[in-house]
Number of protein chains: 4
Amino acid sequence: MSKFSQEIEVSGHLIDSLILTKIFDKIMDLQGEFQVQEINIGKRKKDQSYARLLVKGKNQKHLDEILQTIYREGAVSKVQKEITLKKSPKNYVMPDNFYSTTNNHTQVFHKGKWIQVENMMMDKCIVVKGNRAFCVPVRDVKKGDQIIVGEGGVKINPPERPREGSNVFEFMGSSSSSERPTQHIAKKVADDIYNTKKKDGKIVIVGGPAIVHTGASDAVSELIRSGYIDGVLAGNALAVHDIEYATIGTSLGMNVHDATLAYHGHRNHMDAINSVFKAGSIANMVKTKKLTKGIMYECVKNKVPFVLAGSIRDDGPLPDVITDVAQAQREYKKVLKDAKMVIMISTMLHSIATGNMLPANVKVIVVDINQPTVTKLMDRGTWQALGIVSDVGAFLPMVAQQIRKKK
Amino acid sequence: MSKFSQEIEVSGHLIDSLILTKIFDKIMDLQGEFQVQEINIGKRKKDQSYARLLVKGKNQKHLDEILQTIYREGAVSKVQKEITLKKSPKNYVMPDNFYSTTNNHTQVFHKGKWIQVENMMMDKCIVVKGNRAFCVPVRDVKKGDQIIVGEGGVKINPPERPREGSNVFEFMGSSSSSERPTQHIAKKVADDIYNTKKKDGKIVIVGGPAIVHTGASDAVSELIRSGYIDGVLAGNALAVHDIEYATIGTSLGMNVHDATLAYHGHRNHMDAINSVFKAGSIANMVKTKKLTKGIMYECVKNKVPFVLAGSIRDDGPLPDVITDVAQAQREYKKVLKDAKMVIMISTMLHSIATGNMLPANVKVIVVDINQPTVTKLMDRGTWQALGIVSDVGAFLPMVAQQIRKKK
Amino acid sequence: MSKFSQEIEVSGHLIDSLILTKIFDKIMDLQGEFQVQEINIGKRKKDQSYARLLVKGKNQKHLDEILQTIYREGAVSKVQKEITLKKSPKNYVMPDNFYSTTNNHTQVFHKGKWIQVENMMMDKCIVVKGNRAFCVPVRDVKKGDQIIVGEGGVKINPPERPREGSNVFEFMGSSSSSERPTQHIAKKVADDIYNTKKKDGKIVIVGGPAIVHTGASDAVSELIRSGYIDGVLAGNALAVHDIEYATIGTSLGMNVHDATLAYHGHRNHMDAINSVFKAGSIANMVKTKKLTKGIMYECVKNKVPFVLAGSIRDDGPLPDVITDVAQAQREYKKVLKDAKMVIMISTMLHSIATGNMLPANVKVIVVDINQPTVTKLMDRGTWQALGIVSDVGAFLPMVAQQIRKKK
Amino acid sequence: MSKFSQEIEVSGHLIDSLILTKIFDKIMDLQGEFQVQEINIGKRKKDQSYARLLVKGKNQKHLDEILQTIYREGAVSKVQKEITLKKSPKNYVMPDNFYSTTNNHTQVFHKGKWIQVENMMMDKCIVVKGNRAFCVPVRDVKKGDQIIVGEGGVKINPPERPREGSNVFEFMGSSSSSERPTQHIAKKVADDIYNTKKKDGKIVIVGGPAIVHTGASDAVSELIRSGYIDGVLAGNALAVHDIEYATIGTSLGMNVHDATLAYHGHRNHMDAINSVFKAGSIANMVKTKKLTKGIMYECVKNKVPFVLAGSIRDDGPLPDVITDVAQAQREYKKVLKDAKMVIMISTMLHSIATGNMLPANVKVIVVDINQPTVTKLMDRGTWQALGIVSDVGAFLPMVAQQIRKKK
């Protein structure tokens with residue numbers, strides 16, 4: 001055995017989930033060497049595979065770099081090490097060389113046991129408290145928190161590609177294209193929503209104002225009213241234009257029912273904002289019957305939690321908007337807890353925000369008419385993500401119609 | 001009056017159709033000067049307006065440049081000049097300084113009379129034969145043809161912006177956006193197709209293969225079968241994938257009915273091509289019952305003329321494809337003769353080709369999911385053009401459904 | 001004179017700035033009638049034009065609708081009315097029928113005098129205090145503020161299209177296209193920056209992280225160091241990646257100098273965030289020599305104010321980020337005060353935010369590789385806005401190089 | 001061994017080139033079963049791997065489907081079968097069940113020997129003549145040609161992912177993104193052109209008119225003049241606008257040197273067309289000194305072959321344009337013979353056409369400002385393809401400058 005080498009192991013669906021390919025890639029990208037010591041490919045497609053490799057570097061530092069990189073792809077050192085902990089020197093500050101998380105299921109080897117990291121998210125640190133480990137964002141780090149440094153003792157379970165079944169995630173790869181049979185994609189998405197809900201799976205919508213502008217508001221309202229949606233994450237604009245449409249019939253001043261321009265339409269969204277401030281909140285508008293339909297109305301009526309995150313471009317923003325973004329992130333995270341499926345519609349800002357908070361195993365559907373937006377969101381996703389390049393004003397009504405048929 | 005000046009006149013809806021604005025712009029762009037000698041704005045909105053300007057240049061050449069530029073915007077010299085004719089020196093060659101056409105209605109002053117130029121298209125020359133004038137493309141120019149040179153004696157009628165009525169062209173400007181209420185745009189387009197047909201207006205579809213890939217094929221077939229469409233202009237790919245879908249059920253190897261990949265789907269379009277070559281032509285496939293549905297089938301059955309223009313990227317191409325593009329242009333032009341409405345769907349190549357052949361007063365609808373494509377096509381269009389950024393796989397079925405309701 | 005009619009006047013460059021066209025349009029869109037009572041077109045191109053119209057409605061309400069609409073286009077009632085004021089019933093709440101502003105220069109007729117509205121922005125209300133009038137955003141409205149209601153007594157000066165000169169805004173229309181000679185556009189933008197600065201005009205950059213990812217960071221740093229930039233408006237991501245690049249040499253983990261992936265690059269931006277928290281602020285990092293180059297460094301060194309607005313998708317965010325968006329808007333507005341030119345680079349979020357805060361006469365340049373983004377920003381702009389569809393990683397270095405040549 | 005099963009073998013870089021992953025995928029997609037009988041992973045990264053699988057189907061037809069599908073991924077039956085040949089029944093017609101090619105290296109087992117298929121292209125058939133096998137497009141099929149049917153006896157060598165080295169294809173994956181350091185990507189592309197040429201590799205450019213519109217014409221001319229380019233494939237528009245720019249200084253009527261609009265610019269491209277027709281050909285224009293610079297000029301002067309393929313949207317088209325697209329395809333193919341590198345610039349039509357004619361091992365670079373275009377081209381490509389989302393007007397001058405530095 002070379003001086004600067006180490007044995008690592010990896011197991012799972014090594015071939016079809018690309019795990020082994022990625023490990024080979026990383027070693028070669030970093031100019032390392034490897035030998036396959038043992039390989040055991042599952043004889044049948046459901047069997048697990050196993051491989052043991054000897055990884056070599058030019059020197060200890062080089063080897064460590066390679067190892068730390070492939071640990072992130074699911075490789076584990078044969079000789080298991082304990083994690084190393086360091087204290088946070090002050091609030092919001094992590095120790096140097098802190099371990100930065102991925103969005104994959106992660107376990108850490110602490111006091112001789114593997115423990116699961118809770119509240120998994122991407123680009124955070126891991127704080128260990130007693131026998132538990134938590135994924136913690138920067139602004140929640142407290143002075144004295146025990147934070148993992150280095151890569152030792154951390155094990156990742158890369159997502160496995162789902163292989164068989166009946167839902168939309170299994171009939172398409174993760175690619176996005178506008179050249180797909182739209183009506184049938186809509187049907188598959190409807191099936192998936194229906195089946196997820198049947199198993200009591202939590203479904204969250206992340207949406208932008210184009211839902212209202214393109215006339216898909218009624219479809220989304222219907223999904224909420226029918227109990228398919230368990231949370232709505234958005235910004236000020238979706239709520240403003242939803243309320244503009246519900247109270248005045250326009251969206252950005254255009255009459256949604258016939259696409260004509262309304263008289264004085266330019267001020268309608270400001271009027272909608274003012275009416276919410278008058279009532280004090282969206283819930284009060286509903287209570288006082290000033291707001292009697294639409295997405296926000298259905299959320300209030302059906303007790304579906306919604307979070308409106310403020311942004312620098314907001315008009316108003318509405319009293320319900322959380323203007324502090326760090327606080328808004330915490331509220332988003334609460335709604336996303338245990339979600340099984342997240343549908344992201346025409347909003348890059350809120351979709352990326354949500355993506356950062358989701359563990360890799362949550363199903364994500366992205367619908368947008370602009371292909372670069374879908375591609376950008378998919379790039380951050382996993383095999384579970386599905387990109388649909390379509391016109392939400394046409395696509396969502398089709399989905400709603402398909403679900404209606406099921407009842 | 002300055003030494004280098006000339007009086008010009010212009011009439012029409014000068015203000016609301018921007019005619020006067022454009023003339024002012026051009027003079028200023030070219031660093032010229034002008035004085036408004038007389039202006040008469042229609043008192044009521046249907047009244048014609050009239051203006052007389054004195055245009056000044058720095059020297060005769062400068063003045064001529066300005067004049068020739070504003071003649072293209074509808075200005076006419078007070079002192080009417082005859083057109084100048086020169087003979088083509090050889091086939092395909094125009095005399096120097098030939099007049100290059102716009103797609104606007106054009107009249108020429110010949111032997112003391114204004115005569116209308118026939119067969120109007122953009123970027124062509126004008127050949128005068130006896131008392132008639134024709135718009136002629138380069139490759140149809142014959143040695144000895146009398147061709148107009150210079151700008152003198154040529155008058156253009158810029159398109160007037162339609163002001164009132166009920167169809168889709170009148171409720172939207174020429175802008176395109178994906179943020180419009182899709183279902184209602186679809187309804188307006190359906191109204192417009194229905195109303196145009198009711199007045200016996202000719203409607204032509206220009207389409208690309210995405211019609212089939214996105215599952216909109218049945219909608220287009222239905223429009224043809226129901227008698228709304230009077231011509232189909234396309235390339236090899238639309239026909240190949242339509243026949244692939246009609247005979248095998250796939251498009252580019254994907255099962256259109258459920259969006260799954262077909263076994264050996266990669267060869268299906270080649271199989272479709274081979275089956276047409278075996279039959280000898282698409283019409284023969286229909287006759288021998290090898291082709292029993294789809295867009296091409298409906299064209300043959302309902303005697304709707306179609307032209308398939310070859311392109312360098314064609315597989316095959318099919319025996320029905322006109323592989324010589326100059327010939328294909330002539331056949332396109334025949335189908336377009338007297339068209340009142342042209343619907344361009346998901347094909348930049350054939351849409352630009354068609355746009356170049358259309359007089360400015362033909363209604364044009366462009367549907368594509370990629371906004372730059374729509375913008376590019378609109379830039380060449382006129383006020384009559386309407387750009388819709390949507391997913392054709394969702395949009396066209398909506399249009400077909402709306403039309404069905406009318407019957 | 002009809003029962004429901006009113007005389008209005010309008011003056012300015014009615015024809016070439018499209019003012020009259022828009023007024024005609026609006027009347028016709030609203031199914032109104034008009035007669036041109038008098039029209040006086042400037043004889044020479046710099047002369048002002050004047051028109052007097054009789055506008056007619058079907059009834060008083062209809063007439064009022066038409067009038068209020070055309071007042072927004074610059075029309076003024078012959079019979080001048082005083083503005084109407086109503087008190088705000090409580091903080092953040094405007095009286096019903098409040099006047100909602102445009103981004104054009106606006107005057108109000110108060111106590112027999114025209115007064116200019118200060119701090120002009122779009123979609124706000126107007127508060128009158130003594131002899132002054134202020135444009136005020138919703139969240140700055142205080143109970144008891146005197147707020148203008150209705151459209152009476154408000155006069156707008158629509159922007160005039162610049163006609164002659166030498167800068168970039170005058171050689172191109174407001175259209176955007178990727179089919180322009182890039183090197184020469186870059187030269188014109190450089191000329192414009194140089195000339196604006198020579199006249200001591202304030203120039204503000206609004207930028208996104210793609211500046212760093214595409215390798216344009218050095219160019220922007222150079223512009224700041226050389227004194228051309230008077231303010232930088234951005235979000236968390238620009239600062240994070242700028243500091244990642246300045247301290248570690250990567251952007252999103254990719255080595256900017258050779259486009260290779262860095263070892264452990266995924267954590268580099270988190271490391272950059274941690275290093276700022278350790279220092280306490282960006283300014284402290286500069287002071288302690290932890291940060292020695294880049295955009296943020298140059299801002300601190302050259303005392304160029306920067307504002308980082310928080311957003312829901314932020315990692316961190318940095319201690320310098322203003323996490324409350326309402327507060328961030330106020331800080332943005334301060335930096336934008338009296339700006340003569342704003343350059344918006346690859347960030348839709350911050351660019352739209354900034355656009356909403358700018359009066360219509362500020363020059364705006366938008367550079368982005370995605371055409372729909374440019375189009376969307378331009379749609380909210382004016383004739384002064386210039387859209388450039390290009391790759392900022394190539395475009396900005398060209399601009400910087402051109403400016404360097406001038407010195 | 002099950003009744004409906006067969007042993008297959010596969011060898012190569014099974015893991016890092018994803019070959020095994022794809023075979024597993026296909027079997028599972030088709031609901032088949034498999035057992036890994038033997039697997040031998042190269043111990044070192046350059047070693048070949050080998051695997052033997054037992055594949056099982058539900059019945060013979062199912063098994064055949066699976067086998068025929070995985071043969072396309074490089075699997076080979078343990079029991080080698082001869083190919084089956086059938087005669088073409090008439091010109092242009094292939095026998096039913098003809099083998100439809102991929103663009104990968106392909107061998108066929110004929111008379112007990114593996115022979116290499118020559119002239120490899122995608123979506124064609126294979127004609128066997130004596131001991132040689134040729135890839136033949138539909139329109140070159142002659143009655144009586146011996147054509148391979150079924151998948152038996154055909155072996156494919158899937159492309160191997162290049163692992164180490166110094167050129168651009170090895171530092172990036174096949175993904176495209178606009179968020180890359182542009183200047184360094186340009187440098188890498190320059191290196192790659194330089195190094196390919198040093199080894200006498202043939203380099204072909206496929207280009208659209210945006211090269212001229214965006215001002216990149218001088219850069220491309222320089223590359224040709226300096227001997228880096230061995231062929232230019234384009235359509236009518238590139239030649240027309242190149243000649244317009246070379247003779248009049250404009251492109252689509254815009255002055256390329258300062259981006260202003262030329263007087264009468266709308267007719268300049270028609271004038272350019274007429275001047276070529278007058279000369280008789282582009283070569284004659286060069287000979288008679290009417291054309292003295294530009295891309296077409298450099299091609300003629302430096303005897304670099306160019307092919308201009310006609311399309312339905314052509315103005316003219318020029319006498320040099322091959323108006324028959326089937327003929328144009330043959331001429332393209334000649335120029336592409338033995339090319340080592342193909343650079344596709346801003347033309348989807350000609351790029352897809354070229355892509356269909358290229359074997360999978362040719363390096364392809366795609367540059368376009370529109371991401372969906374790049375994505376679409378990449379989807380048809382291989383690991384060797386590199387997509388660059390940038391502004392060609394800025395990118396190509398950078399590449400030319402980098403190459404200049406090397407001399």
Side-chain angles (χ1 to χ4, degrees), chain C residues 166 168 170-173 177-189 191 208-219 237 241 245 249-252 254-261 346 367-374 386 388-399 401, chain D residues 166 168 170-173 177-189 191 208-219 237 241 245 249-252 254-261 346 367-374 386 388-399 401:
Chain C
S166 65
V168 69
E170 285 155 26
F171 84 103
M172 285 173 81
S177 164
S178 58
E179 299 201 336
R180 297 284 175 83
T182 313
Q183 296 170 85
H184 300 288
I185 304 265
K187 192 176 171 308
K188 296 266 182 177
V189 169
D191 289 351
I211 291 174
V212 186
H213 303 328
T214 63
S217 182
D218 297 347
H241 293 292
Y245 172 52
T250 62
S251 183
L252 268 182
M254 178 179 273
N255 287 310
V256 175
H257 72 285
D258 64 359
T260 56
L261 285 172
S346 292
V367 193
D368 201 294
I369 200 161
N370 192 15
Q371 191 180 306
T373 301
V374 174
L386 174 73
I388 299 169
V389 180
S390 186
D391 173 351
V392 298
F395 188 79
L396 295 180
M398 278 180 176
V399 170
Q401 188 184 19
Chain D
S166 64
V168 69
E170 286 155 25
F171 85 102
M172 286 173 79
S177 164
S178 56
E179 299 200 337
R180 297 287 174 82
T182 312
Q183 295 170 86
H184 299 288
I185 304 267
K187 192 175 170 310
K188 296 265 182 178
V189 170
D191 289 351
I211 291 175
V212 186
H213 303 330
T214 62
S217 182
D218 296 348
H241 292 293
Y245 172 51
T250 61
S251 183
L252 269 181
M254 177 179 274
N255 288 310
V256 175
H257 73 284
D258 65 358
T260 56
L261 285 173
S346 291
V367 194
D368 202 294
I369 200 161
N370 191 16
Q371 190 180 307
T373 300
V374 175
L386 174 73
I388 299 168
V389 180
S390 185
D391 174 351
V392 298
F395 187 79
L396 294 180
M398 278 180 175
V399 171
Q401 190 183 18

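Just so it is clear, the structure is predicted and the values come from calculations on it, not from any experiment. Sequence lines set the chain letters: A, B, ... in the order given, protein chains first and strands last, and positions in each chain run from 1.
Closest approach of Thr182(D) to Gly393(C), counting heavy atoms only: OG1-CA, 3.5 Å. Of all non-hydrogen atoms in Ser390(D) and Ile369(C), the two that sit nearest each other are CA-CD1, 3.8 Å. The nearest pair of heavy atoms linking Gln183(C) to Gly215(D) is NE2-O, 3.1 Å. Across all non-hydrogen atoms, the minimal contact from Asp391(C) to Val389(D) is OD2-O, 4.1 Å.
Every residue meeting the side chain to side chain contact (heavy atoms under 4.5 Å, CB included) condition with Pro181(D), not counting sequence neighbours, appears here in chain and number order: Met254(C), Val256(C), Ala259(C), His184(D).
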